[in-house]
Amino acid sequence: MLATSSSSSRNLLLASLSSTDLALLQPLLEPVTLALRFVLEKPDKHVDAVYFPEGGFASVVAVQARGAQVEAGLIGREGMSGLTIVLGNDRSPHSTYMQAGGCGQRISTVELRKAMQESASLQGSFLRYAQAFMVQTAHTAIANARAKLDERLARWILMAHDRLDDKSLPLTHEFLALMLGVLRAGVTEALHALKARKLIQSARGAIVVLNRKGIERMAGAAYGTPEAEYRRLIG
């Protein structure tokens, strides 16, 4: 699982900052509701604000020219959107939007850039998260290329579970098919495999985690490396 923190901040990346860096950011952060399907970033559009989720999670979705979409990564309370800003650019070809509603903090890109210019340690913290996220996307590519569908589904359920406080995950078959880049029938078959092992329950619009350790065994090598890298880099 991802790291946890005793800080009062519900966003783990913000909670990992030094008191000086957090004090630098806090006056610039605005509380925001992040409803289901709320768009954090549009493909090839200027990023005006960066978000630090505290509940729910967002999908970073790679979009091809012909409209095909496959999820590249997840952002929840462990991280932030706007890594293109951290890396010195102003836009991305990806789409980022909430797949499970929640809340968070928002800062304008102008203010974020100023803060990073003022504090090298703050910029370093965000760059370490960027590295952790790139490891996540690389392992998504490995899973998509090498893992069986039930292993990929198990990995995705674990990643969603890491970012929510509830064992009931608001995941539909249609959504999972999009995220895994497969037909709905394939998702249904993979869900049946997990249900047969009594690892999950599946109801309309939700998946309930019954046996996390069993799901981890099902995911095998497809899950764990990005999470360990996050702990190493962020804490």
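Every value quoted in this text rests on a predicted model; they were computed, and no experiment measured them. Start at 1 with the first residue, then count along the sequence.
A donor-acceptor pair under 3.5 Å links the side-chain atoms of Arg155 to the main chain of Ala222, judged by distance alone. A donor-acceptor pair under 3.5 Å links the side-chain atoms of Thr84 to the main chain of Arg91, judged by distance alone. Without hydrogens or angle criteria, Glu111 side chain to Ser108 main chain gives no donor-acceptor distance under 3.5 Å. Using modelled atom types, no side-chain atom of Glu189 and backbone atom of Gly186 make a donor-acceptor pair closer than 3.5 Å.
Of all heavy-atom pairs spanning Asp21 and Ser119, the tightest one is OD1-OG, 2.6 Å. Taking every heavy atom of both residues into account, Leu158 and Ala219 meet most closely at CD1-CB, 3.9 Å. The shortest non-hydrogen separation linking Ala58 to Leu40 is CB-CD2, 4.3 Å.
One finds no salt bridge joining Asp48 and Lys42 here, because no Lys/Arg side-chain nitrogen approaches an Asp/Glu carboxylate oxygen to under 4.0 Å. Salt bridge present: Glu216 and Arg212 bring a charged side-chain N and a carboxylate O closer than 4.0 Å. Using a 4.0 Å cut-off between charged side-chain N and carboxylate O, Asp90 and Arg113 make no salt bridge.
Heavy-atom contacts from other residues, nucleotides or ligands closer than 6.0 Å to CZ of Arg106 number more than 12.
One distance of note links CD1 of Ile157 with CZ of Arg152; it measures 12.5 Å at 0.5 Å rounding.
Under the 30°/60° scheme for interplanar angles, the aromatic rings of Tyr129 and Tyr230 are found to stand perpendicular.
By the ring pair (Phe, Tyr, Trp, His ring centres under 6.0 Å) test, Tyr51 pairs with Phe38, sequence neighbours left out.
Within the 4.5 Å cutoff, the side chain of Val32 has no heavy atoms near those of the Cys103 side chain. At least one side-chain heavy atom of Asn11 sits less than 4.5 Å from a side-chain heavy atom of Glu54. When side chains are defined from C-beta on, Ile200 does not count as touching Leu169, because their heavy atoms never get closer than 4.5 Å.
Linking Ile, Leu, Val, Met, Phe, Trp and Tyr whenever their side-chain heavy atoms come within less than 4.5 Å puts Trp156 and Val182 in one cluster.
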